[in-house]
Each structure stands twice: as structure tokens, then as C-alpha cells.
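Here is how names work: the chains are called A, B, and so on, in the same order as the sequence lines, proteins then strands, and each is numbered from 1. Computed from a predicted model, the values in this text were never measured in an experiment.
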Amino acid sequence: MRIYNTLTRRKEEFVPLEEGKVRMYSCGPTVYDYFHIGNARTFLFSDVIRRYLEYKGYEVTLVQNITDIDDKIIQRANELGLDALRLSKEYSEAYLMDAGKLGIRPANIQPRATEHIREIIQLIQQLESKGVAYTVNGDVFYDVNQFPEYGKLSGRTREDVRSGERVAIDERKRDPRDFALWKSAKPGEPKWDSPWGEGRPGWHIECSAMAMTHLGKTLDIHAGGGDLEFPHHENEIAQSEVATGETFARYWIHVAFLRINGTKMGKSDRNFIYIRDALKQHRPEAIRYFLLSAHYRTPLDYNTDRLADAASAVRRLQNCRDTLARLGGEGEIIPEEFSDVDRKLYDRMRLAQQEFEQVMDDDFNTAAALGVLATFRAQINTYLAENESRLHESTPLLVSIEKTMQQMAGVLGIFEEDKNQSTSTTPDIV
RNA sequence: GGCGACGUCGCCAAGCGGUAAGGCCGAGGUCUGCAAAACCUCUAUCGCCGGUUCGACUCCGGCCGUCGCCUCCA
């Protein structure tokens, strides 16, 4: 299996640290609002990676954080006149609910920043003891120039960052790339006691702390949206690797943006569509199909017509599955006793499975995988049409076929309408 | 200004050195009481210009266009 690693800008053979096990961290939401389809692309893709790794037989531990204390949350809470932590609690619950409706399986561990303040403080203290942190009036900053490898993920040099500055420099920083590990509390803000006075964690430190608390010093896979590559992930590396002296994450995966009307769908651009609104109009499998219909490193343009296309494609796949379920019989398949037509279908099933794995092994090519499923569906339907007359008898082959389809579609999560909510989606048409 | 991505059939989208998967839509047909569903058939030479090669959509160079990161953002 090969994965494109942002760190090396190449596809690399995937070999987990510990055989048969994968430690994976996926950057979750900062909960100051509902999440939108663009966010969903990343969350969904992490879910698909996890499912595929499990399909391949790995034991996966997926950790996805919820950042529930942060500048944005405080800002939003102030705007609404609400308590910041209460706001983030509500939105984190909304996140879990919406993600569930989309068919995203909950991570094995879903840590929250506010529940890891102790670990965060310890990590900052470690950084202090290594001489890479400095304090200015209750704020603690990370000194990037103490970490020679700073910039190795994003390829940004000091000059790059300087030349691009469009924001006033914080004069207290020694280097414009330095970033806050701990922020002193302003009146009315949520705060925790610390060696530096009352305050709260900076944005990047909580991911390092939570990842290492639950997965150890070195992760196999770290995934997230492309906009996190710099500075967020770069900073995570800097913090973690200086603290432990070891590689923080071995494979970095970044998901390309979802666009809308040709530009990036983003919160700050105010051009997003909440997933909960999308779910009012489209079935979850259709949204998943749409989001997986392009390779994850290719930008994808949101368009409601594309969602409708996806819905048609999903429906045909599900029709085929339903027919198989209806016709399937009892018993074990005995390939040696197959008739020629059955043999042919059986061989096609094996081939489809082989191709599915081949394209998914190649950096999770979900778009190609959907193509494999479609081709297989057509072959099954042809078989069913040509053998209609004798399909009344028990046909264990069809059970096997259905199971195989179910497995592949299950990795992509496009056959799950039964488990979730088939009830609430479609209004009755009389 | 620095760094990077993308440009393949009407729309979406794989492929990436040996002459283009798949989806959606459309057309014709089979089936059907009608319809739906299903099935069959049909629709591309890959932004432009050069180069490398026996051979390029696939490699190299230039150009055009679109987008992104460099600042909060999945």
C-alpha cells in the first residue's frame, strides 16, 4: 500500500511502526460553529482511510480531537453573549450528531482540549526545559529558531514567511513564525491555572498533547485539511519533536479543498454550506459518494447538480445490492461445481475485488474504486438478466457476490442507509 | 513577491510512455398493459506551442487560464 506523504512529497510504501497496528490522528473540528461540507471532506476521508485499513486487516486506533477552547470560540461566544465553554460544548455535540448522520464512524478516542489542560501544561514545561519556549507577560511562545528542522513539512523558510506578511507583527515575538503555546487570560475568558499565570492553551499545542497522550510519541498517520499544513502541522512537529526527540508522525496526509463556485469553501469566506443543511436535501450516501468521487488530493467543486448525479449512481448500486439480497440462497459456494456462467461471474467478483484493492492501495483512489464498483454492478446486472429463468433456485453464489459488494461499498460507506436513518429522509409522496 | 495545485467526452472524473475506467445527462433498442426499474448499443485523442522518444494525455521547457498556501480556516 502506498500513501502520498506531504513530508517527502512522494508516494511511499506504508509500513506501520508496529506490525498489524496503525496509530492514526486526524485533526478534528474547532467547535465554534456547525461544520460544513468542506470540513466534511476531510473528516469523511479520515473515516475512509480508517475503514480501508481495517478492511486490510489492520487494527486501527483513530484519535480525532475536538478543540473546544480557542480564540474563535471566545470571539463567537462574545458576539452571542454566551459562555465560551458552553458554546463549544453545544457545538461539539452538534458535530458528533452531524458526523454520525453523514455516516462517519466515531473515532476510537475523541479527546477534548479542555480535558487535557494538565498534559498541555506539562508539554509546555518540557519545551521550556529544553530552552525553546520564552515567556512574555504571561504569554508563552515557541522559539522556532531553536528547531533547525522548522519548515520541513511545508517547506517554508524564514524569508518566505516574512515576505508574505500582511498582518502586523506581534512585537513580542523573536521571529514572526514564533507562535503562542499559552495565552494569558483576558477578563471574562475561560482560564486555567498554570505556572505562567491564569490562561489557556495556544492553538497548536493541544493537538500535540492529545496525540501523544493517546498514541505515544510517534504516530503512523496524521491527517487533516490542506490548510492545516502550515502553520498548524508544522508547529505540531516543532513542539512534539523537540519535546520527545523523536519523529512525531511518519505519514502526513492532507486533503485538498472543496470549492464552491470555483473558490475555496471556507468559514472566513462565508461561502459554505453546513452539512446539516445539505443533509436536508440529500441522502448521506449521496453526499459521501460525491465527496469520494474525486481523489482526495484533487480539488473538488461543490455543486448541487453533482449531488444529484451522485444520488442516481448510489441508487443504481443499491438497487443491484437489493436484488442480490432478494435472490440470494442458502449454502456454501463450491467453485469447482460452477457452471460456465457462474464461473464467469465468480471470476469477475474476484477481479473486482482485486482491482478495488489495487486502486485503494494506490494512495486511496476512491474515485477509481467507485469506477470498479460501477463496472462490477453492470456485470452482475447482465448476469441477472441473462439467467433470470433459473434464479428461483437457491443461489449461494449471489450471497457471496452481495457480501463482496457490501464489503467494498462498506469501505466507502455508501450502503449504510439501513443502519442509519432511512425513515427521516424522504417525505411520503402520495 | 515566495511556494504549490489544477486544466481529459455536454457535465463530473480515473488514468499518466505503447494509441483514453467509470458516473450523470442524452439518443436508439429490449422488457413491460402504461410507467418505473433493469439490460444492450452509441458519443473524446486529453488547454496552447515547442522538445525528448520508435512511440506522449502521460517526461522536459515555455505560454495561457483557474485555484490555493504564505494570516483564522478541514
Side-chain angles (χ1 to χ4, degrees), chain A residues 6 9 26-30 32-33 35-46 64 67 70-73 75-76 151 154-170 176-177 179 203 223-234 253-259 261-270 272 275 289-303 305-317 319-320 322-323 355 359 362 365-386 388:
Chain A
T6 307
R9 314 266 160 193
S26 170
C27 271
T30 298
Y32 62 94
D33 194 4
F35 73 106
H36 59 67
I37 306 184
N39 302 317
R41 188 182 190 191
T42 302
F43 302 147
L44 173 64
F45 189 66
S46 292
Q64 186 194 40
T67 297
D70 159 272
D71 291 353
K72 286 254 168 194
I73 294 169
Q75 189 188 325
R76 187 85 198 275
S154 59
R156 287 190 205 294
T157 65
R158 184 184 180 119
E159 290 68 34
D160 289 342
V161 174
R162 285 213 155 145
S163 63
E165 261 165 32
R166 293 171 211 166
V167 180
I169 305 170
D170 186 335
R177 298 171 300 173
F179 53 93
W203 173 35
D227 44 3
L228 297 182
E229 184 183 324
F230 186 89
H232 186 57
H233 290 334
E234 192 73 63
I253 294 176
H254 290 96
V255 180
F257 298 119
L258 187 72
R259 297 179 182 171
N261 300 322
T263 59
K264 175 187 170 185
M265 181 180 285
K267 280 280 167 65
S268 29
D269 303 307
R270 316 208 110 277
F272 53 84
I275 201 70
Y289 187 105
F290 164 71
L291 290 173
L292 297 173
S293 68
H295 182 86
Y296 76 91
R297 283 188 286 112
T298 305
L300 175 66
D301 222 299
Y302 172 83
N303 181 317
D305 289 343
R306 298 292 80 74
L307 261 303
D309 292 354
S312 298
V314 166
R315 197 193 61 239
R316 294 182 70 191
L317 246 15
N319 280 341
C320 177
D322 291 345
T323 307
E355 287 174 348
V359 298
D362 185 12
N365 193 338
T366 55
L370 289 170
V372 171
L373 278 178
T375 302
F376 186 36
R377 184 220 70 219
Q379 291 166 343
I380 295 169
N381 281 333
T382 302
Y383 169 93
L384 293 175
E386 286 173 356
E388 206 179 349

- prompt: What string of B, S and - do you get for nucleotides 21-31 of chain B, 5' to 3', when a contact is any protein heavy atom under 4.0 Å?
  reply: BSBSS------
field: Complementary nucleotide for B:A20 - Watson-Crick or wobble, under 3.5 Å
entry: none
- prompt: Hey, does the side-chain of A:K264 have a donor or acceptor N/O within less than 3.5 Å of a partner on the base of B:C67?
  reply: no
query: Has A:K267 got its NZ or CZ under 6.0 Å from the middle of the six-membered ring of A:F35, at an angle within 45 degrees of the ring axis?
result: no
query: Within the pair A:T6 and B:G4, is there a side-chain N or O less than 4.0 Å away from OP1 or OP2?
result: no
field: Residue met sooner reading RNA chain B from 5', once A:D362 and A:G262 are mapped to nucleotides
entry: A:D362
- line: Of A:R259 and A:H295, the one whose nearest nucleotide on RNA chain B sits closer to the 5' end is A:H295
message: Contact list please: residues 38-46 of chain A against RNA chain B, heavy atoms, distance less than 4.0 Å, in numerical order.
response: A:G38, A:N39, A:T42
- prompt: Applying a 3.5 Å limit to both distances, which nucleotide forms a Watson-Crick or G-U wobble pair with B:C46?
  reply: none
message: Taking any heavy-atom pair under 4.0 Å as a contact, classify A:L258: base, sugar-phosphate, or nothing.
response: base
- prompt: Is the shortest side-chain N to carboxylate O distance from A:K264 to A:D227 below 4.0 Å?
  reply: yes
task: Return the nucleotide paired to B:A27: Watson-Crick means purine N1 to pyrimidine N3 with N6-O4 or O6-N4, wobble means G-U with N1-O2 and O6-N3, both under 3.5 Å.
output: B:U41
A:L317 backbone acceptor or donor facing A:R377 side chain under 3.5 Å: no
Modelled atom types, side-chain donor and acceptor of A:E234 and A:S154, under 3.5 Å: yes
query: Counting only Watson-Crick or G-U wobble pairs whose two distances fall under 3.5 Å, which nucleotide matches B:G68?
result: B:C3
message: So A:D227, base contact, sugar-phosphate only, or nothing? Heavy-atom distance under 4.0 Å.
response: base
